[in-house]
Amino acid sequence: MRMLINVPETVVPDALRGMAAAHPDLTVDVENRVVVRRDAPVTDKVGLVSGGGSGHEPLHGGFVGRGMLDAACAGEIFTSPVPDQMTRAAAAVDAGRGVLFIVKNYTGDVLNFDMAADLAQDEGIQVAKVLVDDDVAVTDSLYTAGRRGVGATLFVEKIAGAAAEEGAPLERVEALARKVVESSRSFGVALSACTTPAKGSPTFDLPDGELELGIGIHGEPGRERRPMMTSHEIADVSVDAVLEDLRPSGPVLALVNGMGATPLIELYGFNAEVQRALTERGVSVARTLVGNYVTSLDMAGCSITLCQADEELLRLWDAPVRTPGLRWGL
Amino acid sequence: MRMLINVPETVVPDALRGMAAAHPDLTVDVENRVVVRRDAPVTDKVGLVSGGGSGHEPLHGGFVGRGMLDAACAGEIFTSPVPDQMTRAAAAVDAGRGVLFIVKNYTGDVLNFDMAADLAQDEGIQVAKVLVDDDVAVTDSLYTAGRRGVGATLFVEKIAGAAAEEGAPLERVEALARKVVESSRSFGVALSACTTPAKGSPTFDLPDGELELGIGIHGEPGRERRPMMTSHEIADVSVDAVLEDLRPSGPVLALVNGMGATPLIELYGFNAEVQRALTERGVSVARTLVGNYVTSLDMAGCSITLCQADEELLRLWDAPVRTPGLRWGL
Amino acid sequence: MRHVLDAEFFRRWMLTAAAAVDREADRLTELDSAIGDADHGANLKRGFTAVRAALEDAPPETPGAVLVLAGRQLISKVGGASGPLYGTLLRGTGKALGDGAEVTDAALGAALEEGVGAVAKLGGAAPGDKTMLDALVPAVAALGDGYAAARGAAEKGAEDTIPLRARKGRASYLGERSIGHQDPGATSSALLVGALAETAEAVTGG
Amino acid sequence: MRHVLDAEFFRRWMLTAAAAVDREADRLTELDSAIGDADHGANLKRGFTAVRAALEDAPPETPGAVLVLAGRQLISKVGGASGPLYGTLLRGTGKALGDGAEVTDAALGAALEEGVGAVAKLGGAAPGDKTMLDALVPAVAALGDGYAAARGAAEKGAEDTIPLRARKGRASYLGERSIGHQDPGATSSALLVGALAETAEAVTGG
Ligand SMILES: Nc1ncnc2c1ncn2[C@@H]1O[C@H](COP(=O)(O)OP(=O)(O)O)[C@@H](O)[C@H]1O
Ligand SMILES: Nc1ncnc2c1ncn2[C@@H]1O[C@H](COP(=O)(O)OP(=O)(O)O)[C@@H](O)[C@H]1O
Ligand SMILES: [Mg+2]
Ligand SMILES: [Mg+2]
Ligand SMILES: [Mg+2]
Ligand SMILES: [Mg+2]
């Protein structure tokens, strides 16, 4: 086990303490594992709350700040947070105009956020929910828990966050978030498994020279194992997988995301191949973001997320944002 | 070999193409491997040029932009670039007020930048050089090539970049850069070796359950191997190593840096321990930066860099910066 | 069987379950690692540690209150899919038990049926989907034949998940590749039913 | 020995060196991996590939010009420590050869001494520091006894770096831990001297 930790049990609170020390703009409630914008609740603004299992950093805590989330709840590693955290977060950010829960589509996240929404509504907070389900590796059918929420979460948080910052009402923020979800699809590839602190060994066994296609962000194996491929081939497969589900009629936002242990130099090289693959398929790219944004601990690998973006989404994407993980225009 | 690449030979140009696609603010000369601010040369501004072997991303290309570098030269993986790149970069950014070369102290970087400075001066460009040598793991004596340049490079590029952006003359920018070098020290720890594309296997053999203390950023083993330690212990050892060389009389800038494959959640947890260790030793921290900034491909591990910062350095640190890797205030 | 079960019985059940979870946590995580995200053991351990602490802190006085308290702890401490589901199981069962100081075996059987029903409703799963229901549903059905029969049915139900293809929860992402692995939640359910049987044996002689 | 060496001789030397570097690149990288940064083989391969291309493109007409061109290629294509150092070695030697169409063995010996001196000056290293100089300096000293002797001296010099503690270059960062490993640069220097001897044997009969 090659981990820079003390003991598995304190990984999450230790990280939150370190986050608090690095980011004076955030209020970090380490005990309850809630990260909140220092200026929350922001007068007359819809509050945005997300959260999920830890291990995907900078998602979600790193996206708390002006123009994005108002609060994030950190669960244990790969474990959805509990309803108490979410209601606490909702109460901390509600300025009377309601709160949007941004929920990645996993059974645990859905159940816990649902319970939290009920509790928050009991306390008089107006709550809307949007479910992010962009991973095309999972068929959305009666025979699965539905597509997973992965990279599109960043797009939803950024774009809904910008709308909320502009003063849009809850229904509008929710509708925009839903529009982003519907316009976004992702596909991920693992070159290595990740190691959770609690388990201490890789979550699955991936021999050198093989890769997993269609992985999620929780160390679960993918849908298919293949002999190692070049960056060129991985880009082709990933882009094809996404485009099979999403046929963009206009320009897209592209997220070329690292799973945690893939060096930036490789991600940039992969981005070159993704851009090529998209161009070859007639898809034009309006904005590209390359980096480790929605990760899976120390997994080596990558994912791509495309979001068909009309002028409104583009404008909201370009709007100023000031968070530890994403910052521009401020 | 678990790499997201095509072939080892094209890793650097592939990455530069992907960088160009992601960052319209940069002009990327892929053939000559030079990354330049789109608005270079900036009228009346001293030009800042750095560069070095690739594999340390976002250093240096990711720090090109307003308030930081004007140009960066990318060498092969872990290999200093050649003089031709540096003179080309100098010519591209010189606005008549001279150019500062920021050079990490490695034999190769020093020799190549020296040759380039001679050539650029022959072409009528005024060139000053600053050597960054902050790694306390290497004793600075007649018996070594001198301390290595590691994390302090980011501080130098940011602070000298801010001064240049304000219009300071070359001597002033150079003096500030030198002041940052003198005020900065680093120490690094590896939990795993890295794998260069050309070699395809880890550069050294580090059994699970052991770590290397005092590593550099080129996959070279450290000064000492020890049984695995907790984040708490690693922070103590690292902080002690730095403070043995740097006795700050005032507040410091702290960089808690990941080597590439260490997840952000671990880095934040490590930061909590670094802050504790510093507080226990009476050192106050003015600003903290946590993340993968000066990396070593897919190495797991971390380094800390402290820079004693007076009000002037702090002001320049806080000044606006707009680069792919570091951005605030703009 | 024809026992009268008091709050102490339910407290012992929960503590026995907590001990079983502690003992088997690594195995549960290992199973979850094959077709999930390698946290099921840690999740339940955290949850039942909280249950144990809560029951020691302020032991409730009725069977129903014991289970409701335990269920609340799981909801507040576990997270993930299993937190709300097991929390709902115990809360639902506890509520169905009412607030009498003692309950009969038959009442427990009926209450468990309600609890399991609440789990099915919340999670939308049915037997055969490769979830905890594959152990819980046969266990409740077998309860009429005694606690030992229920344990046997739960264990068999858990083992029988091996050839199933998951249709709910994280394992469903694997499609065909979920086949050949035992479901972690069904396995932990068998532990809970096993703890019930063990408690019944110890406290009442079976 | 007493030969007259023309431009063709020097071209063949460089091409033989390029072939040797291609062949031994992995070994050089392996050595550099132990006490450096695992790029020495790739560096020299890139450099000598450029040298080969340049010599084929527009073969220079004098011995001096061949080495100066080769040296320039190394400086422009290699980077790292070895690029400027080997570039300086060849450029320095080439310049010292002057612009005659042919040179004597003795003139080559004297020119190489200048080239090696330029390397020592540029890098600030001395024999015993565990660098390429530990192969180059004894090789030049042995050149009076013929090319084969020079090769032998270079190879012995390279091997003799094993017990040394590095005082220059990247290996010096390792301190004591640099002991016990052969220096990659000294090893590649032995290849270059070996290529010279091989060329002499082939072209002139030794
Ligand atoms: N919809 C569902 N209905 C019933 N049980 C479910 C459902 N989804 C998941 N489970 C159960 O939960 C178990 C996983 O629990 P756990 O690992 O703690 O949560 P997570 O999947 O969120 O990591 C599965 O093995 C399965 O038995
Ligand atoms: N100061 C120096 N003088 C002479 N030779 C040196 C010096 N520094 C390094 N070398 C030689 O360079 C070799 C390393 O070359 P290479 O690996 O290509 O460059 P780098 O160290 O920059 O990665 C060493 O093995 C050593 O022989
Ligand atoms: Mg989980
Ligand atoms: Mg090198
Ligand atoms: Mg799980
Ligand atoms: Mg080297």
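Lettering of chains follows the sequences in order, A, B, ..., and the numbering in each one begins at 1. Hydrogens, waters and symmetry mates are skipped; everything else that's a heavy atom, side chains included, is used. In this text, all values refer to a predicted model and were calculated from it rather than measured experimentally.
Under the 6.0 Å cut-off for aromatic ring centres, A/His56 and A/Tyr293 do not qualify, their centroids lying 6.0 Å or more apart.
Both the backbone and the side chain of A/Pro221 come within contact range of chain C, each with at least one heavy atom under 4.5 Å from a heavy atom of that chain. Looking at C/Ala125, neither its backbone nor its side chain comes within 4.5 Å of chain A, counting heavy atoms on both sides. A/Arg33 does not touch chain C: none of its heavy atoms, backbone or side chain, sits under 4.5 Å away. Residue A/Thr144 touches chain C through both its backbone and its side chain, counting heavy-atom pairs closer than 4.5 Å. Using a 4.5 Å cut-off between heavy atoms, C/Ser82 makes no contact with chain A at all.
Most heavy-atom pairs under 4.5 Å with chain C, from the set A/Arg223, A/Glu220, A/Glu224: that is A/Arg223. Chain C forms the most heavy-atom pairs under 4.5 Å with one residue out of A/Thr107, A/Asn112, A/Asp135, and that residue is A/Asn112. Considering only heavy-atom pairs separated by less than 4.5 Å from chain C, the leading option among A/Ser80, A/Gly75, A/Ala137, A/Gly53 is A/Ser80. The greatest number of non-hydrogen atom pairs below 4.5 Å with chain A, out of C/Leu122, C/Ile75, C/Val78, is found for C/Ile75. For the options C/Glu176, C/Lys168, C/Lys77, C/Arg46, heavy-atom pairs under 4.5 Å to chain A are most numerous at C/Arg46.
Classification of the A/His218-A/Tyr106 ring pair by plane angle, with boundaries at 30° and 60°, yields perpendicular.
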